[in-house]
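Presented below is the structure to which this report refers.
In listed order, ligands and their atoms are each counted from 1.
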Amino acid sequence: MQHALPLAPLTSRRSGPLKGRVRVPGDKSISVRSLIFGALTVGETRIEGMLEGEDAISSANAMRALGATLERTSEQAWRIRGVGVSGFAEPRAPLDFGNSGTGCRLAMGAVAGCPITAVFDGDASLRTRPMRRILDPLAKMGAETTEIGDGGRLPATLRGAVDPIPIVYEVPVPSAQIKSAVLLAGLAAPGTTTVIEKEATRDHTERLLRLFGAEVAVEPHGNDGRRITLTGQPELAPAHVRVPADPSSAAFPLVAALIVPGSDLVLEGVMTNPLRGGLLTTLMDMGAGIEVLDRRHEGGEDVADLRVRGSELSAVDVPAARAPTMIDEYPILAVAAAFAEGTTRMRGLKELRVKESDRLAATAALLTRNGVALEIEGDDLIVHGKGRVRGGGLVETHMDHRIAMSALVLGLASDEPVKADDAAFIATSFPGFVELMRSLGGDLA
Ligand code: S3P
């Protein structure tokens, strides 16, 4: 997959120890949700520490097009005047969510509960991603998809329900985006909307809806699942959201510090929500030198500072049940596995095939190009780590920020430089990544 603009290639080279104290940008999931929930609230919501990456900005633009007023008051601080639940105005033009699956899918849920019609669109990457998984449950709630691309892809036209119907919905795949879309449509429905998930996924929607004054009950379901019940038609109250640092972004400097010998760095204020914690658990099982310091509570989430030191890693077997808690971290975990000694098996990665790229294939190609031996068996990725990596490869990033950052981290510790064909998409989730890595001592040019 290729975008229309010229590519922005970038190369990373073996670097000396990475040192320093940094804070990565605000969490993408919480930033996007805060914008959408603020737009559904009457009154003034304030967001601090917002991710000012393209994924959040495209959601902000969509909320404006739907009638909310949004203003950037200072760096990473935003003010939103919302229109209330079901209060969206019909947008005059298609809503362009760029690269952001989260923004697009959550906004579909919010629009589904409004008596308006909106066209949803995105870039070439987002246009390859499945949308029926969202639109099918929304249809049960009364929202009609009147037009959609082949295979259930964008662009799609959604006519929201005049009288939304509350439902009980069991999510067929572990996906916080599907869960969130149903709950957001449920805000506009009378009575209770229930979502059942067999495996618990990130719970930022549940936490933030409560912060905005909605009634949300969460009960355990089966071994690993949850049953989430929302009381419809609440009067959402404006909130003050402080967005913690994104653990999925912190993952890149964190793994870089582990694989570059002698590194010692501190990542400040990283969210430690257990439903996002799979990478930390796995790296610690691999013998990573990570200390979790100054645990505290900020803006409804647990956060901590992470001290990370260069470490000798050993291979692990990562169970499929852990996937929902680290779904975005497999590309960078695969990089760590390549520098570990032994064979790491990451199980149950089916959902990786429908991310910003086919991440299972893109991660495998990233490593193979750089001399790492691996196999894909069914939905498992098996990486044969040798403690060192040859490098020297050109990595195709497929409009995928996490593939680009994983490739560049690999190059900081491999024998030969690693080139990413396009670093432009890093700005969707981690603006300032290159500068931050350079400030730590990373050689990226
Ligand atoms: C997200 C959920 C995940 C994740 C994405 C952000 C969210 O997607 O991959 O980056 O904020 O809800 P799925 O819900 O499709 O697994």
Would you mind checking if [Y] and [X] are paired as a salt bridge, meaning a charged N to carboxylate O distance below 4.0 Å?
X: Glu301; Y: Arg207; value: yes
X: Glu206; Y: Arg226; value: no
X: Asp400; Y: Lys355; value: no
X: Glu351; Y: Arg359; value: no
X: Asp285; Y: Arg322; value: yes

For ligand 1, which atoms sit closer than 4.0 Å to a heavy atom of [X]?
X: Ser29; answer: 6 (C), 7 (C), 11 (O)
X: Thr102; answer: 1 (C), 5 (C), 6 (C), 7 (C), 11 (O)
X: Lys28; answer: 10 (O)
X: Ala176; answer: 12 (O), 14 (O)

Under 3.5 Å, is there a donor-acceptor pair linking the side chains of Ser29 and His204? no
Arg33 and ligand 1 - part of the residue with a heavy-atom distance under 4.0 Å: side chain
Backbone, side chain, both or neither: what part of His204 comes under 4.0 angstrom of ligand 1, heavy atoms only? neither
Atom 4 (C) of ligand 1: closest protein heavy atom, distance to 0.1 Å, is Asp328 OD2, 3.3 Å
Of Ser175, Ser180, Ala323, which has the heavy atom at the shortest distance from atom 14 (O) of ligand 1? Ser175
Please work out which of Lys355, Lys179, Gln177, Arg202 has its closest non-hydrogen atom nearest to atom 16 (O) of ligand 1. Lys355
Give a yes or no on whether Glu90 atom CD has more than 12 heavy-atom contacts from other residues, nucleotides or ligands under 6.0 Å away. yes
Can you find an N or O of Ile327 that's nearer than 3.5 Å to an N or O of ligand 1? no
